[in-house]
Amino acid sequence: MAGTAFEELCMLCETLAKTPSRNAKIELAARFLSKLNSPSEVSDAVRLIIGEASKDFTLNLGYSHLLKALTNITGVGEKGFLAEFGETGDLGETVRRLLEKGRRGVQQALVFRRPTIGEVAGVLREIAEISGKGAMAKKLRILESYLKRLTPLEAKYFTKNLVGEIRHGFGEGLMEEALASAFQASPEAVRNAHMVVGSLGRVGEILKEQGAGSLQSFTVKPLTPIRPMLAEPAQTLREALEEHHGRTLLEYKLDGARVQIHKHHSQIKIFSRRLTEVTKSLPEIVELAETFRGEDFVVDGEVVAVDQSGRVMPFQEVMKRYRRIIGVEEALSRIPTRIFLFDIVYLNGEPLLKKPLTERRQLLEKVAPYEFLTPQVEASNLEEAEAFFEEALKAGCEGVMAKRPSSPYSPGRRGKHWLKIKRQPEVLDLVIVAAQYGYGYRYRWLSDYYLAALNGGGGGGRPETLPDYIEALHGWRFRVVGKTFKGLTNAEIEALTERLKGLALETVGRTVIVRPEIVVEVGFSNIQPSPQYSCGYALRFARILRIRDDKKPEEADSLDRVKQLASKKLEG
DNA sequence: ACTGATGCGTC
DNA sequence: GTCGGAC
DNA sequence: GTCCGACGACGCATCAGT
C-alpha cells in the first residue's frame, strides 16, 4: 500500500495551528491518524506531528547548521536570514519563506514524487545515525539535498522537526486524546501505555497493530523505564496540609538528579528523568543496588553529590557525574554521590503503581537500608511541618515534598498528589542593561532581559562575549549576572518593549543594548559560580517580580552583595 | 593533542 | 526548571 | 485543572579545525 504523503501531515499541522479549540484539534488529528495505512506510518506520523522525532533520536543539528544549509541552497546570508526570521520568529516559517522567494526550491520539488511520512521519518533517522569523523559534513549534505527536493511547506515542517519546535499548540497531552479517539481506546488506557512505553509514537504503532485491547497489558516491568511521577508547585505548607486533608507525608526535596533504578535478576540499569540510561555514569550506585534485597525491583529516587563528610553539594557538582561516560573512575573519587530513594513501583513480579504511597514506602524500607531512603515524616499540623521544613533546609535541601499518603504512583503526571514547597526565593534589585527579541509568539517583543548588578570595581578586560561587550559599552559600571524572560505578563512585556526601544544604544543581532535605567526586582533560587559570565556569578531560575520605577540604577544591588549572598549559601 | 563551537539533557 | 496564558 | 509555549544556567560529549 502506498504511503501517505508528508504534505498531508503538513497541511494538518497548519490547520492545527489555526484552530484554537482543543477538542477541535483532537478531532482533526484523530481523523488524520485513523486514515493512515500501517502501524509504522502511525508511529512516524505521531512523532512528526508532535515533534517527538527530534527527541526520540538525537540529530545534533540545530540553528547553525540549518543556517549553513540554507545559505548553500538559497544564497541567503546570516543577515538575510535574520531579516526574514525577524518577520515571524519561527524557524520553520522562515525556511518556507526563503525557499518560496528563491523559487529554486519549488521548481526542484516539482521534479520529484512527493515524499511519504515514512520517508521523511527515515531521513531524520538516517541523519541521527551518522557519527564519527566527517559526520557533520555528511549530515549537512543530506539536509541540503533533502531541503531541495521538498516544497516550501514540507521544508517548513521538516525544519520544525529538526529543531524540535512545532508550535501549533498540539502536544503530548492532546495527542494522547487524539490517539484514543482514532483507535477507540480510552484516554486513560492510552495515557497509561504512554507512561510505561515512554514514546507516543510507539503507542500509536501498537494501537494500529494490535488494537485498543492490547493496551491493558501494559504495566511497569524491570529494565524498561517508565516516566517518573512529577509534583506540582505549592506556595505554603498550609496549602499542602489542606490539600491533603490535614495529613501529609513530607520528604526532603534534594537538589540533585532524578534516577530510576531497575534490577532484574543480577542486572542493574539506571534511567534518568527523560528515560535515557545513565548506568555507566554511576557505578557506585549500581554496586549499592546489587546489595539491596529483592530479585526484581524498580525504585525511584534522587542522586546527589556529597563531599567527603557526606554533606550535600550544590547541583552543579552532581552534573559533573550524572552524564559522564569519559573519566568516570577519576570522577568517582573526586565527586562521591549518594542516593536517596523515595518510592518503589515494582517488586518481585508485582507492579505497585496502584498501591498507596504508605504501603509502597513500607516495601521500599524492606528493599533498601534506611540510610539510602529519603527522610520522611508524617505531618498533621503546621508546627510539625514547619519544623521538618527547617530541618530540610539545614540539610541543604531546596525545600520539601508533600505527598498524599493514599496516593498511587501516576507515572508522567503532575498532580496534587505530590506537592513541592520550595524555600522563599532570594531577591535582588537589578538593572536591565540589554534585551533580546523573543521567539514564536513573542518575536515582536523585547522579552528576554540581561540583568546586571552595580560594579564596585574590577572587570575591564577585553570583551570576549556578548555580556562582556554590554558591560564594556556601559563603562563596566554594571556586571551581568543572568538573563530572564519570566515573570511579566504579555501586556507588561509589550509596554516594557516600548520603553526599552526608547533607551536603545546599540543593536547587536537580535539584542538591543539599552541605557541602564530600568530597575527590576528579581527573584531567584540560587547563586551559582558561573563559567559564562565574567563576573563569576549567575542567578539560577531568575524571574522578574516587579518593575521598580521607584529606584534609580545607582540604587540597585551591587556585585558585592551578590558575592555575599553566594558565600553565605556555602557556609549555610 | 588541544581548543572552540554546537547540541543535548539536567535542573 | 519557572512562569503566564488559553482552553 | 490541564496543557502548552517561551525561555534561563550549567556540564558533558562530539566534532571540526588547528
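Because only heavy atoms are used, hydrogens play no part in the values below, and waters and symmetry mates are left out as well, while side chains stay in. Labels below follow one simple rule: chain letters A, B, ... track the order of the sequence lines, proteins then strands, and each chain is numbered from 1.
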Find out whether the Lys NZ or Arg CZ of A:Arg510 is both under 6.0 angstrom from the six-membered ring centre of A:Phe85 and within 45° of the ring's axis.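 That pair does not qualify as a cation-pi contact.
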Check whether NZ of the Lys or CZ of the Arg A:Arg540 lies under 6.0 Å from the centre of the six-membered ring of A:Phe315 and within 45 degrees of that ring's axis. yes
Counting only N and O atoms by type, is there a donor-acceptor contact under 3.5 Å from the side chain of [X] to the main-chain atoms of [Y]?
| X | Y | answer |
| --- | --- | --- |
| A:Asn192 | A:Glu188 | no |
| A:Arg321 | A:Ile335 | yes |
| A:Lys160 | A:Ile166 | yes |

Do any side-chain nitrogens or oxygens of [X] fall under 4.0 Å of OP1 or OP2 in [N]?
| X | N | answer |
| --- | --- | --- |
| A:Lys416 | D:dG1 | yes |
| A:Thr58 | B:dG7 | no |
| A:Lys25 | D:dC4 | no |
| A:Ser447 | D:dC7 | yes |
| A:Thr276 | B:dT10 | yes |

Pick out the pairs of N or O atoms, protein on one side and nucleotides 3-6 of chain B on the other, that lie under 3.5 Å.
none

Take atom [atom1] of [X] and atom [atom2] of [N], then tell me their distance rounded to the nearest Å.
| X | N | atom1 | atom2 | result |
| --- | --- | --- | --- | --- |
| A:Phe57 | B:dC8 | CZ | P | 12 Å |
| A:Arg414 | D:dT2 | CZ | P | 12 Å |
| A:Leu59 | D:dA13 | CG | C1' | 16 Å |
| A:Met401 | B:dC11 | CE | C1' | 14 Å |
| A:Ile493 | D:dG5 | CD1 | P | 17 Å |
| A:Met136 | D:dG17 | CE | C1' | 14 Å |

Please work out if [X] contacts a base, only the sugar-phosphate, or nothing of the nucleic acid, heavy-atom cut-off 4.0 Å.
| X | value |
| --- | --- |
| A:Arg543 | sugar-phosphate |
| A:Gly132 | sugar-phosphate |
| A:Pro531 | sugar-phosphate |
| A:Glu172 | sugar-phosphate |
| A:Lys420 | sugar-phosphate |

Audit row: A:Val299, A:Ile339, side chain to side chain contact (heavy atoms under 4.5 Å, CB included) steps and yes/no: CA-CA 11 Å; A:Val299 292; A:Ile339 183 77; over 6 Å; no
Of residues 315-326 of chain A, the positions that come close to DNA chain B - non-hydrogen atoms, cut-off under 4.0 Å: A:Phe315, A:Met319, A:Tyr322, A:Arg323
Apply side chain to side chain donor-acceptor pair (under 3.5 Å) to A:Arg404 and A:His417, showing your working. CA-CA 5 Å; A:Arg404 189 193 295 270; A:His417 286 326; 3.1 Å; yes
Considering all heavy atoms of both residues, which atom of A:Arg479 and which atom of A:Ser534 are nearest to each other, and what is their separation? NH2-OG, 2.9 Å
Measuring from the side chain of [X] (C-beta onward, heavy atoms only), which nucleotide among [options] has the closest atom?
| X | options | answer |
| --- | --- | --- |
| A:Arg258 | D:dA16, B:dC11, D:dG8 | B:dC11 |
| A:Tyr533 | D:dA9, C:dT2, D:dC3 | D:dA9 |
| A:Ser272 | B:dT10, D:dA6, D:dA9 | B:dT10 |
| A:Asp255 | B:dC11, D:dA6, D:dA9 | B:dC11 |
| A:Ala538 | D:dA9, B:dC11, D:dA16 | D:dA9 |

At a cut-off of 3.5 Å, list every protein nitrogen or oxygen paired with a nitrogen or oxygen from nucleotides 4-7 of chain C, distance to 0.1 Å.
| unit_1 | atom_1 | unit_2 | atom_2 | d |
| --- | --- | --- | --- | --- |
| C:dG4 | OP1 | A:Gly487 | O | 3.2 |
| C:dG5 | OP1 | A:Asn490 | N | 2.9 |
| C:dA6 | N3 | A:Arg22 | NH2 | 3.3 |
| C:dC7 | O3' | A:Arg22 | N | 3.4 |
| C:dC7 | O2 | A:Arg22 | NH1 | 3.4 |

For A:Lys269 and A:Gln260, which I'm curious about, is there any donor-acceptor pair between the side chains at under 3.5 Å? no
Roughly how far, to the nearest 0.5 Å, is the CG atom of A:Asp90 from the CZ atom of A:Arg96? 10.0 Å
Is the distance between the ring centroids of A:Tyr252 and A:Phe389 under 6.0 Å? no
Please evaluate residues A:Tyr63 and A:Phe81 with respect to the criterion ring pair (Phe, Tyr, Trp, His ring centres under 6.0 Å), reporting the C-alpha separation (whole Å), side-chain torsions for both, the decisive distance (0.1 Å), and the verdict. CA-CA 11 Å; A:Tyr63 168 83; A:Phe81 182 86; 5.8 Å; yes
Would you sort out whether A:Thr337 and A:Glu284 count as a side chain to side chain donor-acceptor pair (under 3.5 Å), showing the intermediate values? CA-CA 8 Å; A:Thr337 67; A:Glu284 76 271 52; 2.7 Å; yes
